[in-house]
Every structure is written in C-alpha cells, then in structure tokens.
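Letters A, B, ... are given to chains in the order of the sequence lines, protein chains preceding strands, and every chain is numbered from 1. In this text the structure is predicted, and so the values were computed from the model without any measurement. Because only heavy atoms are used, hydrogens play no part in the values below, and waters and symmetry mates are left out as well, while side chains stay in.
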Amino acid sequence: MTFDVRLLDSTYSVNQKDDGVSEVIVKLFGKTRENKSITILCPDFKPYFHVFEPSPALLKAFKDSPDVLSVEDVTLEYKGSQEKFAKVSVRAPWMVPKFRGQYELKHKTITLVDPPEELVEKLRAEPDVLEVSVLNGGVKVSTEDRVYSQKLINRYGLIAYMDEEDAEKFHTKGVFFAADIVFTNRFIYDHDLETCVRVSGDLMERSNEYTTDLLLKASRFEKCDIFTPKLKILSFDIESSIKYNNIYCICLTVINEEDGSRQDRRIFSEFGARELKISAEEQKARDEDERRILKEFVREVRALDPDVITGYNINNFDLAVLFERANKLFGKGGGKPDEEKKRQSNDELGFGRDTLGMSRRENRTTGFVTWDVKGRLILDGWLSVKKELRPKREGLGYVSTMLFNDTKDNIDSSHMDDEWQARKDEVIHYCLKDADLALRILTHPRIQAISKLMDVAIPAKLPVKEVSGGQNRMIESLLIRMVDREKVAVPMSSGEVYDYEGGFVYDTKPGLWEWVIGLDFSSMYPSQVIKHNICFTSFTKNKAEAAHTSPVGAMFLPTEKRHGIVPRMVEGLLTSRKQAKAAMKKAKEEGNLEQADYYNRLQNAIKIMANATYGYFGTKFCRWPYNRYIAPSITAWARDEIKTVVTTLESRGYTVIAGDTDSVFFTSKEHRDLEKCKLLGFTVQQEFSAGNMHLELEKVMIRFFAHAKKRYFGKIIWPEESLLVRGYEPRRTDSFDLQSETMTKVFQLVLDGKPEEAVNYAKDTVHDTIKGKVDLPRLVISKSVNEFDSYDNPGSLVHVNVAKKLQEMGYDFTPGMKTPFIITNGSAQPQKAEPVIEGVQFTARPDYKYYAERLAMALARITEPFGCDERALIQGNSQRSLEFFCDDKPAPKAEAPVHGANVKKVKQTATLDMFM
DNA sequence: CACTGTGGCCGTGGTC
DNA sequence: GACCACGGCCACGTCA
C-alpha cells in the first residue's frame, strides 16, 4: 500500500525481539491525503555518531563494547581540511549520551611534565598550536579547539608526558561529532524526508497500541507534492478546587475539519463540593471517582484521536492539573520518580497515539513548562493569541470579546468549591464554553496557529511538531542535510557565549519634516551572507586566499574557490521565496484567493527562515565554531552598507533624518512634490543596488515626525496612503487606551498640518482627565508579570503586587501573563493599584492626577516643538512658534532658547495640585 | 535537554 | 535634582 502523508510527529521505541536482540523502530505519525491518521513503523535504522581520530585505546573500547554495532573509518572536512573520523553505530539511541558521558574529551589545554626539549620544539613548529608556555618544569600547550589537541596527542604520544590526573582527562577519550542530533531527526535527514512524503509498505492490523486509523510498516519513501490535510482538533478545560486540588469536571470539544462535525464530552465528579473535614471513607470514594474521571478522559481522547490538543493556558494549568492528580492518585509511572529529572512522565496519562504517557519538560533557565504526547500537537491558545495578536490584555474573556464578541459564562473561578456546590450544571456549561472559546481562538482567521505551523514546516522539511520547538531546528534541518551530503563534519555546540555589535541606528534628527523619502535594503542580513560568501566552510586564515575581509577582520574565500554551504542555503531560500511570491501573484490574477493566501503564508515562512539563519549563527547553540566571526561579520558589513548610503546622501546636501539597521529616511530641499521625491528615490535605489544587494524605495511621506531613535510617525502618500507609527505608545501593550487613542488623534492632526488643533486637543484631553471625565476601561494598564522570585525587588513593582493580590484572592497566577490594573495612587512608593477582573465591578477611585501627568508627559514629546511642553499642556498657557516645519535643522523651541546639540533637555514637572 | 540576535526608549524606584 | 539600575516592551520591511 502507498500513502501520501503529512508528517506531524516522530518518536522511536526499542523492542526486545524473540531472539533476545533489541530492535529500534522509528515511528512517524501523520495524516494522509485522504485525512486518515496514520502511524508509520520504520525498522532497520541505527543510531550513530562520529569521533575525530580516535586513539587505539578508544577504538578498542568501542569495538569491545556489546552496545556498539560497528565502527567504520570515514573522512570528513573540518575547518577546511580532510580529517579522519570513526563512524560508531550503536544499538539504541539512549546509548549515544551514555558513550558521550564515558568517553568525551572535555579539555583542550595540554600540560606536559618535563617533556624532552626536541618535542617542545616540534610542538612550537606545529601550525595548529596557539601557544607553548614553559612554567617550572611543566609545558602548557594550547590550541584552538579540542580537535587539534587530540591531533597532537595522537601524533606525538603526549599522554606519556602527562601526570596521572591529566592523563586521565585525555586517555581513552575523543572529540565527538554529531552525537546530539535527535535520533528521529537523524532518520529524517538521512532519508531526506520532507514534511510531506509518499510512503509504501505493508498495512498492518490495527492494534490497541496505536490510536490511528492506519498502521503501516514502511519499506520505501519517495518525494511527493505538498498538501494540507484536514485535522481533528480537541480543546479541553478543567475545573478543579483551588483549595483541595481535586478535579470537579473536564469538558472536551472536538472539531473535525474534514466535515466540520463537532462532538462534546462532559466528564464530571459524582460528588458535591469537598469540605475541609471528610471521613477516610469519603476520601477513598472521592479518590476512586477522580481516578475514573482521569481514565475516562484518556479513553475519550484515544477514541476521538485528535491531531491537535488545545485549551486556554493549558501549559500552566490544565495539563499540570492532570499530571499532578495522576501522580497523586495512581503514583508515578514511567521511569524514576526523580523530582530532579528534567523530563518526567506519567503512564496513566496515555492519551497520545502510542501507549506512552504524557511527559513534562521544564526549561532550566526560563522555567517554561511544555508537555508532550506522541503523535499529537499540544498548542496553547493563550501562547498563540499572545504571539499573533499581542493583545493588550490576555485573559480568555477579554480575548474572546475582542475576537468574536462572545465571552465566558459568569462563574466566579476564585470560589470554585462554592460554585460547584451551588450550581454544578452551570459550572459544567462554563467549563465546556471555555474549551469552545479556546478552540475558536486557535482557529480564528487572525490567529490560525495550526496553519502557520503547517506552513513553516514546508520550507523546514520537518514534521509539524518539530517546528514548534524553535527556529534553530528549522535551520539545522536544512543545514545538516547539505553538510552531510558534502561530507563536512557536524560539530557539537561549545555553548560559548559572547557579545557582538548589532545594527547601526542613526541618531534621529527630531522635529516635523515634509517630503521624506524612505528606502531600505531587502533581506539585508541574508544578502550580506551571499555577497561575502560568509560560511564556516569558506572561512580562512590565509590572507592570500581571502576574497572578503569583514570589518571585524574575519576572512572568507572567493566563491570560485569554495562556495559556502550557508550562502547556498540562503540563496536557495531567497529563490524559493521569489517563486512563492510569483505563484501568489499568478494565483491572485487567476482569482484563486485561497491559493494566493497559501503562497503568501509560504513566502512569509521562507523569509522567516532566511532571517533566522543569521540569528542562529549568533547564538551559543550554533554548532559551527565560527560563530564568533560569522554573526559579527554579517552585522559589521551591514553597518558599512547602510552607513555608505547615509554619508553619500549627506555629502550631496540631503538631510538624513532617521535610519535603523537597513533603512534610511531623508529629505531634500529641491524635491517638494511626490513626483520629484519618487524620481529621487528611484535614482538612489538604482545607485546603491548592485549584485545581490537591493536598496528599494519603500515609501514617500508627506509629513514625518520623530523625537528620538525608534520613535517616529508619518503620513505615507506613496505607494499607498497610510499612517505609520513606530515605537510610540499606541504601539505598546503597556500603555492605557486613553493614552494610545489621544496620541493617535494628535498624530493625525499633526500630519494633516494642523498642529494648533493637535495642541488644543492634547490640552483638552489632559484637562478632562484631571477632572475625571474619562471611562474606567480607558485607564486600564496591563503588564506581564514573571515568576515572583525572578525579580530583584518584586515588592517595589506595582504590577507584581497586583498579581500577588489576585493570587491571594484565589485566582490562578500564570507567570508571563499580563495582569490588568488601574493606578489608585501614583505618588505613593511603590505605586498603589487595584486589579481589573473580568465580570467584577471596579469600585476604587483611579488616581486621575497620575493619569493626567503620564498623558501630558507622553503628549509633550509631540507638542513641544509646537511650543507646548508638559507644563503648558497641564496649565493651559502656551506660546506657539510660527514655523512648524524643520528644514535643515530641528524646529526652534518657542519657549526656551534653542538647545545646542549636546545640551540635555531639562525635564519640567508641572504641579497639578491647583486643579485638584 | 533547552535554544535566534542587538539597539533603544522610558517609567519607576532607589541613592546620593 | 542628577544619576543609575531594573524591567517591560518595542524597532529592526509584516522577523533584523
């Protein structure tokens, strides 16, 4: 049988065969073109890794181990040279980290005791040796990395000259390569599988082990074209007692995209609210009932067999509740009950597509928790809506109202025990409603969390679950395939951290400007990679060979000599993006909007990958040991590129107003209408576009205002009329609506050439605020609150105090979620505020003086050039300058003498007390 | 085992 | 009042 499959997830198992030999089986989960769920079993693939020039002792250790299947000699390129490696294949994936722990060479500096003088001379002559230092009898040899240390040890038998302790560090040790690639990914790379694949094999009898419609034993993989199957999405919500932790009910709702059908399940306790003192007998009966609830949940999910599991804030709440209750009521299953283990699982929660339980993983540094069941994607509606829409508030009720004008039922979640006792049916309805809202959020046209993951999986060539785990996996998926094919070694990350310089930001010329031309380089960083052949395979230390020397001193070979893998990969991405864009255009012309939308999302996904390539080379996770040269060279060349444009324009008498990383905004005295600006813009575009660098005229603005770097707004009149705002409060999620709305209005008035009206509007709004003439919702401020103990001084932060208060009131606190509040005393230290809770009347009095001052402070940054500073906004008197627009220099300030360029602005604080 | 980057503004609390 | 550090969020073409 042959099926076209869209891959969703992968895992493996190690089975004992009848003859006692263990068998490794890779399992792929996916959805067929006919929308059937499928499990694909792939036997006969073995884990392996590479070791650089292993010593005879290490080779013997490998060959003698019963866990090693084979050791082969291979030649791979490393830092531009062909080197000898051993390819070691082992019986099971978990043995790879075991061997690493036992045999990995961790040190690179070699200390020799009384080596012969001639040996020292030979070492000094070695090109790979960085330094040889002699200190009281000992000789210290340092090299660039462990590979070169190993080489010296092998060549000169250096272990014989080490003391016992050092010999221990280097004897029977080796430098491991590619020993950290997840086994199932290794399978995918080696078979060059993509996110869609045609698989042939024997269809097997469905077993209880797997929940999918189909079970196939694979024998062959082939390429197939991309398709997007319809998925089954399950959303769930749990209501539980905050006091006693027991579960009252779990509600599920499932939608099958194939036919739009909908199924609901309500699983709930037979008991009423728990009370503080209960008999041992009742406790026992309640526990048994709750075990039933958990089992029923697992059974329902297995039977419904969804591809995606979602809910609102399930990562922090619902899945954690399931896990804790299962651990308590069934005991821990699956492996060691070790609290310290990074990955824990509970076998009773076997609602994945195989029989393994749900597992928990916690990021050590961020504390971020993720959950996993095999074969199904777990997506959190909260995280999706946060990422896609950046709403000012993040509660389920607020988001639902915003997206579909529907909201939560009215149940007081801070008193769930009372609610369960008083109105069980309403609680169950509320629970199901929440599950439904979460499902609608995930699939909302503005969010489309699943579609987006499916889209990025296409250029990344990975199962959908893989791409939700971070962008480095997508980069490595492409890179490792190319590197393997070309027999280049795949090192492991050193984890080294370092700082380097980023983009160039032009010191903005503040004020109001007319006829501003904006240009930017398309794909600046990827283009620099291509332009200068930046890659770990083309890096050189040989000046004579180098064709490109970056401003930070790194050298790269000419493409004729060695066309780097990274530039070829990036070129491939930019080319396929162009193709996707062309396909989008064609589809649009043919009126196929759905297909046009698909290609649009695809080209966007490719763009993200192209940009992420640069980011990958800037992290400590980057495998290739040139990360100290690659990312800094990319940004340095980019700085040069944009600075050249800026200085050239300035040398011609144009006024550059702003610029950031790859963009430049400038104006010219002689170009004061659209046609002239376009002509000039296109001339500049032409002049600075060469080779693969493309400077593009992006916009012409009739008016443009800025007061600082990354703070500007403008009225675009070409190519289409629109309002541009960057950095200011209307863009920020931690500003209050009154502030955002007032500023937007002021922006518009300024851009329409009506600064007097803008100033008057600003003043009126400030005055209304002082008098309290403003709706409460427009004063709500919302800020993210992290884990309390992550703060230096949590008690001094008003938003942290509000979150603590909410937690004390009995509401669930989620680290990272925004907490809404209204300031009731802005002059107290720390400030005082009251939380804003969905469905609860806000009764406290806002500190109107505080809001008026904050408003005036923000507005003054705009109105100041028009003769109205913060004090004037509040007091009502102002003088206006007659000349609003900047020409070559910023508009003179009307009130104060013109500040020199280096004179700091004097902050003026107005007193509001006279108005109170 | 996790896992993209740097530059920058500004409100706030704290110190001198 | 000046100055600093912290914290949150934003700009980088809609992700640089």
Side-chain angles (χ1 to χ4, degrees), chain A residues 97 180 182 341-343 361-368 370 388 390 469-476 493 495 499-508 518-528 600-601 603-605 607-623 627 630-632 634-635 638-639 642 658-663 696 698-699 707-712 724-735 781-786 790-800 818 823 826 828-831 850 853-854 857-858 861 904 906-907 909:
Chain A
D180 59 346
V182 175
K341 254 177 66 171
K342 283 321 291 178
R343 199 190 178 101
R361 187 178 280 179
E362 190 179 332
N363 182 305
R364 190 172 288 170
T365 44
T366 62
F368 190 80
T370 48
E388 299 299 336
R390 293 193 316 118
Q471 290 175 356
N472 74 322
R473 293 187 195 186
M474 307 182 3
I475 304 302
E476 293 208 329
S493 161
D499 289 328
Y500 67 94
E501 205 179 327
F504 165 72
V505 185
Y506 186 85
D507 197 4
T508 303
L519 295 109
D520 43 52
F521 282 101
S522 51
S523 303
M524 171 67 110
Y525 288 173
S527 299
Q528 291 299 335
N600 185 36
R601 291 189 324 237
Q603 69 86 12
N604 196 46
K607 184 209 167 154
I608 289 169
M609 277 197 73
N611 286 335
T613 308
Y614 147 73
Y616 171 74
F617 283 100
T619 64
K620 62 173 178 168
F621 314 113
C622 177
R623 297 172 172 276
N627 53 1
I630 291 179
I634 295 171
T635 55
R639 287 193 299 274
I642 193 68
D660 192 337
T661 309
D662 57 7
S663 64
E696 283 169 4
E698 205 212 3
K699 50 187 165 260
H707 87 275
K709 287 175 174 180
K710 298 177 192 284
R711 299 269 160 149
Y712 58 85
L724 174 74
V725 180
R726 291 287 181 265
Y728 282 115
E729 282 74 1
R731 298 277 297 198
R732 297 182 64 89
T733 54
D734 58 353
S735 61
I781 299 170
S782 192
K783 278 191 178 182
S784 300
V785 179
N786 297 322
S790 72
Y791 293 99
D792 283 356
N793 189 3
S796 71
L797 300 168
V798 62
H799 56 300
V800 178
K818 291 190 199 299
I823 298 286
Q829 275 187 340
Q831 297 172 326
Y850 165 81
E853 275 174 354
R854 261 195 73 176
M857 208 155 42
R861 284 191 278 270
K904 290 224 165 152
V906 181
K907 206 175 134 189
T909 318

In whole Å, what is the span from the OH atom of A:Y500 to the P atom of B:dT6? 5 Å
If I take atom CG in residue A:N793 and atom P in nucleotide C:dA5, what distance separates them, rounded to the nearest angstrom? 16 Å
Gap between atoms NZ and C1', on A:K620 and B:dC1 respectively (whole Å): 11 Å
Side-chain contact check for A:A708: nearest option of B:dC9, B:dG13, C:dT14 is B:dC9
With heavy atoms under 4.0 Å as the rule, sort A:R639 into base, sugar-phosphate or nothing. nothing
Among B:dG11, B:dC9, C:dG8, which is the nearest nucleotide to the side chain of A:R854? B:dG11
Take the protein atom CG of A:D520 and the nucleotide atom C1' of C:dC15, then report the distance between them rounded to whole Å. 13 Å
Checking all strands, does A:D734 fall into the base, sugar-phosphate, or nothing category for heavy-atom contacts under 4.0 angstrom? sugar-phosphate
Please classify the nucleic acid contact of A:N786 as base, sugar-phosphate, or nothing, using heavy-atom distances under 4.0 Å. sugar-phosphate
Does some side-chain heavy atom of A:T619 sit less than 4.5 Å from a side-chain heavy atom of A:N472? no
Winner on side-chain proximity to A:Y614, out of C:dC15, B:dG13, B:dG5, is B:dG5
Looking only at C:dT14, C:dC9, B:dT4, the nucleotide nearest the A:K818 side chain is C:dC9
If the cut-off is 4.0 Å, is A:T661 near the phosphate of B:dG7, judged by side-chain N/O to OP1 or OP2? no
Round to a whole Å and report the spacing from CG of A:L797 to P of C:dG8. 7 Å
Rounded to the nearest angstrom, tell me the gap between atom NE2 in A:H799 and atom P in C:dC6. 15 Å
Does A:N611 reach the side chain of A:P526, with side-chain heavy atoms less than 4.5 Å apart? yes
Spacing of A:D734 atom CG and A:K818 atom NZ [to the nearest 0.5 Å]: 7.5 Å
From the candidates B:dG13, B:dC10, B:dA2, the one with an atom nearest any side-chain atom of A:Q829 is B:dG13
Would you please confirm or rule out a distance under 4.0 Å between OP1 or OP2 of B:dG8 and any side-chain N or O of A:K709? yes
What does A:K699 touch in the nucleic acid at a heavy-atom separation under 4.0 angstrom: a base, only the sugar-phosphate, or nothing? nothing
I want to check something: taking the side chain as every heavy atom from C-beta on, are A:Y525 and A:T661 in contact at a cut-off of under 4.5 Å? yes
Quick one: does A:V798's side chain get under 4.5 Å of A:K783's, heavy atoms only? no
For A:Y728 and C:dC10, what is the distance between atoms OH and C1' respectively, to the nearest whole Å? 13 Å
Look at the side chain of A:Y850 and decide which nucleotide, out of B:dG13, B:dG11, C:dC15, has an atom nearest to it. B:dG11
Please work out if A:R731 contacts a base, only the sugar-phosphate, or nothing of the nucleic acid, heavy-atom cut-off 4.0 Å. sugar-phosphate
Here's a test of your reading of the structure: between A:E501 and A:Y616, which maps to the more 5' nucleotide of DNA chain B? A:Y616
Watson-Crick and G-U pairing of DNA chain B, under 3.5 Å, as dot-bracket with | and [ ]: ...|||||||||||||
Sorted by number, residues from residues 521-528 of chain A placing a heavy atom under 4.0 Å from DNA chain C are A:S522, A:S523, A:Y525
Point-to-point distance, once rounded to the nearest 0.5 Å, from CD1 of A:I634 to OH of A:Y614: 7.5 Å
Of the listed C:dC10, B:dG14, C:dC15, the closest approach to the A:K607 side chain comes from C:dC15
So which heavy atom on A:G826 is nearest to which on A:Y850, and how close? CA-CD1, 3.8 Å
Which part of the nucleic acid, if any, lies within reach of A:E388 when heavy atoms closer than 4.0 Å are counted: base, sugar-phosphate only, or nothing? nothing
Measure from the side-chain heavy atoms of A:R861 and tell me the nearest of B:dT12, B:dC10, C:dG8. B:dC10
Looking across every strand, which nucleic acid part, if any, lies under 4.0 Å from A:K783 by heavy atom: base, sugar-phosphate, or nothing? sugar-phosphate
A:K699 side, atom NZ; A:D520 side, atom CG - distance, nearest 0.5 Å: 6.0 Å
Nearest-neighbour nucleotide for the A:D660 side chain, B:dC10, C:dG7, C:dA11 considered: C:dA11
Examine distances only and state if a side-chain atom of A:Y500 and a backbone atom of A:I630 form a donor-acceptor pair shorter than 3.5 Å. no
Mind checking if A:G502 touches a base, just sugar-phosphate, or nothing, with heavy atoms under 4.0 Å? sugar-phosphate
Classify the nucleic acid contact of A:Y791 as base, sugar-phosphate or nothing, counting any heavy atom under 4.0 Å across all strands shown. sugar-phosphate
Gap between atoms CZ and C1', on A:R732 and C:dG7 respectively (whole Å): 11 Å
Out of curiosity, A:Q471 CD to A:T613 OG1, how far, rounded to the nearest 0.5 Å? 9.0 Å
For A:R390 and C:dC10, is the shortest distance between a side-chain N/O and OP1 or OP2 below 4.0 Å? yes
Can you confirm whether A:Y616 sits close enough to A:R623 that some side-chain heavy atom of one is under 4.5 Å from a side-chain heavy atom of the other? yes
Ignoring the backbone of A:S796, work out which of B:dC10, C:dA11, B:dG14 is nearest its side chain. B:dG14
A:E729 and A:R854 ion-paired at < 4.0 Å: no
